[in-house]
Structures are given as structure tokens and as C-alpha cells.
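Below is one structure, written out as C-alpha cells; comments come after it.
Positions are given from 1 along the sequence.
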Amino acid sequence: MYSIKEFNTFNLNILVKDICLLKNKMDLKKNILFLSNKKENYYFLGKGSNILFLENFYGIILINKIKGIKIKQNINFWYLIVYSGELFSKFINFSLNNKIFGLENLANIPGTVGSAIVNNIGAYGLEIKKFVYYVKVLDIYTGLYCYFNNFNCYFSYRFSIFKSYLYKRFIIIKVIFRIFKKWEPCIFYKDLFFYFNKSYRIITPLKIYKRVVYLRKLKLPNYKIFGNIGSIFKNPIISIKKFIKLKYIYYKYFNNIKYNYFFKYIRIPAALLIDICNLKGYTIGKAQIYIKQPLIIINMGGAKPLDIYKLLNLVKDKVFYKFNILLELEIEIIKYNYIYNKFI
Ligand code: EPU
């Protein structure tokens, strides 16, 4: 058995039967088709930055190391063709270094390009779906490559079709991003808005990049020091009616959230709900709810997967009990399913 401690950003010491590094798409196709034919348990992993293994994994872990970035262009657009094992933050830096602007709000997000697509990652007012043109995938059932266009990926908040169980048969090989050449800053997220408006600063892509990197460092722990996988829960959607009720009871906390009477629903910060439940710093074993951002659980060193699991269930229970709101997981949990006799 081998440990995948260095292949998951929670730094959990999970044991697996074997680890196989995939360096190109032929490698990937050969290994995946072989393992599926043998009905062997396997899991395809990028950087392990959005996943919690609840127990040791009796199967093969395939690590995506398929890398490469190419640039193409026409009059209006840049096209970036990026292999799925490329680090997402490296891809963002690459685009900025080549004077391709628009992605700067997504700076410094851990994980690979492949997992960024699966989760439709987003930060500071932008989601990656805005730039996805085509996704090339390997279909495990047929052994053929095929393409999904943006519409067929069914992107929504922290979701794409590749996250749904049926579509796990598709493995992302590469992504073609399309970026409009005419740059417009995206600064409506309040942390950026106040910063750039207050000081009448001239807005440039590099300044947005630097600010985002600064904000992320401020709020999000470095996983190399305190293992973590970013936000554990999605920000929930509630009805405006319920929101007004909550605002009445918790005026001090909800006062700053702007809402529109004409909409039926509103997305509210899960961090705020957890904060009101007074759970910041709450600890089980070596797992702790992060003091600066309660949507994050950190591994203080030597945490067990079950500590983390208990902690996230406790958060769910407390929030549900207090607000009657059910938090939905943003991350993926891998555990053995005794009915299907495999890990899901
Ligand atoms: N808040 C509190 N207490 C806290 C921290 C935050 O009450 O201790 C409340 C505040 O009202 C604050 C609000 O939560 O205004 C939002 O907090 P923040 O700006 O940190 O953003 P978030 O909604 O908690 C989301 C993403 C992050 C992303 C940031 C910035 C989700 C689930 N999370 O967090 O994404 O970096 O916005 O855009 O949508 C991730 O997905 O892993 C991730 C880190």
C-alpha cells in the first residue's frame, strides 16, 4: 500500500493499492481502459484539492500529469488550449505573462485545469465557465475521444455535468478556453469594488491579480502548512421571504447583504451562517473550523478523515437547527459503498 499524502491538499495519510502517474493522453487511455475492463477500483485525481477520502482506498489512484499550453488567436479572441493536468494557477500566470487578460480574478486557486472545469470554480465575481469554449474528454465506455461545448457542460454554480455520477465516465483531457481580446475589469465583488473605488486607482489586470492574491492569502490558509480543500459547503440559495425573516432576527449580520425585491431567491454566504452559530475555531481531533473563514476546515497536523467528517456534519446540523437551511457539500467525498461493492 502507498500513501497519497502528497496528492491531496488536506494532507491526509490515505493508503491506496497503487499510484500511477499519467504523463500523456495515450498513457491515460491505456491505463483507464485496462482498469475498467478488469473491473478494478480506480480514481482519477488532479491535485486532490476538492476531495475527502474517508478511508483507505483499495484501488489504483491515477494522477493526472498531462501538461501543455498552446496559444491561438483570431481578430477578436485568444484561444488557450490547455491540458487538464496543468496547474490552474500556472495557467492563470501563463495567460497574464502572455498579455492575455480576463482571468486575473481566478488567480492562485489550487487544483488542476481539469478539476477547475469539473467544479466550475469561481472567485471574486468570475466563474471559469465564462471562458470555456470546448472540453475534450475520453469516454471510458467506448474508448473514444469526444468534445463537449460550453452549453453541453451544463455549468452552474460549482457544478458541471462532469460532477454528476452518470457522467463520471468522461475524463477531461484538455480544455479550449476562449478569451475576448477587449479586456474589461470585473470588480463588482465587494472586496475588489471597495478597494478600487475608494482610492480612485487606475485598474489594470495586474493590479486585480495582485489584489486577489493578497485577499486570498489573507483569508485562505496555505495547504502546505494547514491542509485544507477550500470551501467545504456551497453558499445556499433561500427565498427572499425567508431572507427578510432572517434579516429581521439577525439584523446586525444580514444588514449588509443587498437584495432585489423582484427576485424570488437569493444566495447567502454559508460562512456567515456558520459564524453566527459560533463555530469558528471549533475543533474535533486535529481538524478545526478555520478562524478567518469558517467555510474552511483545516488539518492542524495528523487529522483523521473521520475528524473532518464529524466536523462537517456538526456544522450542517447546527446550521440546520438554527436556520432551517440545509448546507450542500461543495467537495467530493470518497467512501466504500457496500451495496455497489465499490468506492463512490
Ligand atoms: N463571512 C462571515 N464570517 C467570516 C467570513 C465571511 O460572516 O469569518 C461572511 C461575510 O458576510 C462575507 C461573506 O461571508 O462578506 C463572504 O465571504 P467571502 O468573501 O470570503 O466569500 P465566500 O462566499 O465565503 C466564496 C467562494 C470561495 C471564493 C470566495 C471569493 C464558495 C462556496 N466559496 O467564498 O471559493 O474564494 O467566495 O470569491 O462559493 C472555494 O470554492 O473553495 C473557494 C475558496
Side-chain angles (χ1 to χ4, degrees), residues 104-109 119-127 130 156-159 184-201 203 207-208 210-221 228 230-283 288-298 311-331:
E104 49 285 345
N105 296 48
L106 301 175
N108 236 13
I109 296 179
N119 297 308
N120 180 26
I121 55 159
Y124 299 96
L126 261 195
E127 281 181 338
K130 183 177 169 195
S156 61
Y157 172 65
R158 293 299 189 277
F159 180 82
E184 270 178 28
C186 170
I187 52 154
F188 69 85
Y189 198 85
K190 71 176 185 322
D191 292 350
L192 294 177
F193 188 80
F194 288 129
Y195 176 73
F196 283 106
N197 273 297
K198 241 187 199 169
S199 48
Y200 300 101
R201 287 179 167 87
I203 307 166
K207 280 187 184 165
I208 297 182
K210 283 189 175 156
R211 189 67 192 166
V212 167
V213 170
Y214 168 81
L215 288 170
R216 286 190 76 87
K217 282 201 174 137
L218 215 61
K219 285 193 208 167
L220 306 172
N228 75 87
S231 307
I232 298 283
F233 298 103
K234 293 181 182 177
N235 286 331
I237 295 180
I238 59 170
S239 68
I240 289 287
K241 232 167 142 185
K242 184 168 184 131
F243 174 74
I244 293 171
K245 234 190 248 170
L246 284 177
K247 194 167 170 167
Y248 180 73
I249 307 172
Y250 303 101
Y251 184 77
K252 186 172 103 188
Y253 300 100
F254 283 80
N255 184 32
N256 284 333
I257 304 177
K258 302 267 172 291
Y259 68 100
N260 189 331
Y261 268 114
F262 297 107
F263 290 155
K264 270 195 170 151
Y265 299 97
I266 180 170
R267 195 179 286 287
I268 57 166
L272 177 63
L273 304 178
I274 304 170
D275 203 354
I276 299 173
C277 291
N278 242 333
L279 288 171
K280 277 178 168 181
Y282 195 97
T283 307
Q288 185 179 73
I289 296 176
Y290 193 46
I291 310 250
K292 292 186 198 163
Q293 172 40 290
L295 256 191
I296 292 168
I297 292 179
I298 58 168
L311 202 50
L312 68 87
N313 278 321
L314 178 123
V315 171
K316 249 175 143 173
D317 286 352
K318 295 262 182 200
V319 168
F320 187 71
Y321 185 71
K322 200 169 186 79
F323 303 103
N324 205 13
I325 294 174
L326 191 59
L327 291 181
E328 199 189 322
L329 283 178
E330 203 247 289
I331 59 163

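Residues forming a salt bridge (Lys or Arg N to Asp or Glu O under 4.0 Å) with Lys242 (at least two apart in sequence, or on another chain): none. Residues that satisfy the side-chain hydrogen bond (donor to acceptor under 3.5 Å, both in side chains) test with Ser239, not counting sequence neighbours, are absent from this structure. With sequence neighbours left out, the salt bridge (Lys or Arg N to Asp or Glu O under 4.0 Å) criterion links Lys210 to no other residue. The salt bridge (Lys or Arg N to Asp or Glu O under 4.0 Å) search around Lys130 returns none, not counting sequence neighbours. Lys217 meets the side chain to side chain contact (heavy atoms under 4.5 Å, CB included) test with Asn108, Val213; sequence neighbours excluded. In this structure, the side chain to side chain contact (heavy atoms under 4.5 Å, CB included) partners of Leu329, at least two apart in sequence or on a different chain, are Ile232, Phe233, Leu312, Ile331, Ile333. A search for side-chain hydrogen bond (donor to acceptor under 3.5 Å, both in side chains) contacts involving Tyr251 returns Asn255, not counting sequence neighbours. Residues meeting the side-chain hydrogen bond (donor to acceptor under 3.5 Å, both in side chains) test with Glu127, sequence neighbours left out: Asn120. When the salt bridge (Lys or Arg N to Asp or Glu O under 4.0 Å) test is applied to Asp317, no partner is found at least two apart in sequence or on another chain. The side chain to side chain contact (heavy atoms under 4.5 Å, CB included) search around Ser156 returns Phe159, not counting sequence neighbours. Shown here are the side-chain hydrogen bond (donor to acceptor under 3.5 Å, both in side chains) partners of Lys318, two or more places apart in sequence or in another chain: there are none.
A heavy-atom distance below 4.5 Å is found between the side chains of Tyr157 and Asn235.
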Taking only distance into account, with no hydrogens and no angle test, what donor-acceptor pairs under 3.5 Å do side-chain atoms of residues 289-298 form with protein atoms, sequence neighbours excluded?
{"residue": "Gln293", "atom": "OE1", "partner": "Leu295", "partner atom": "N", "Å": "3.0"}

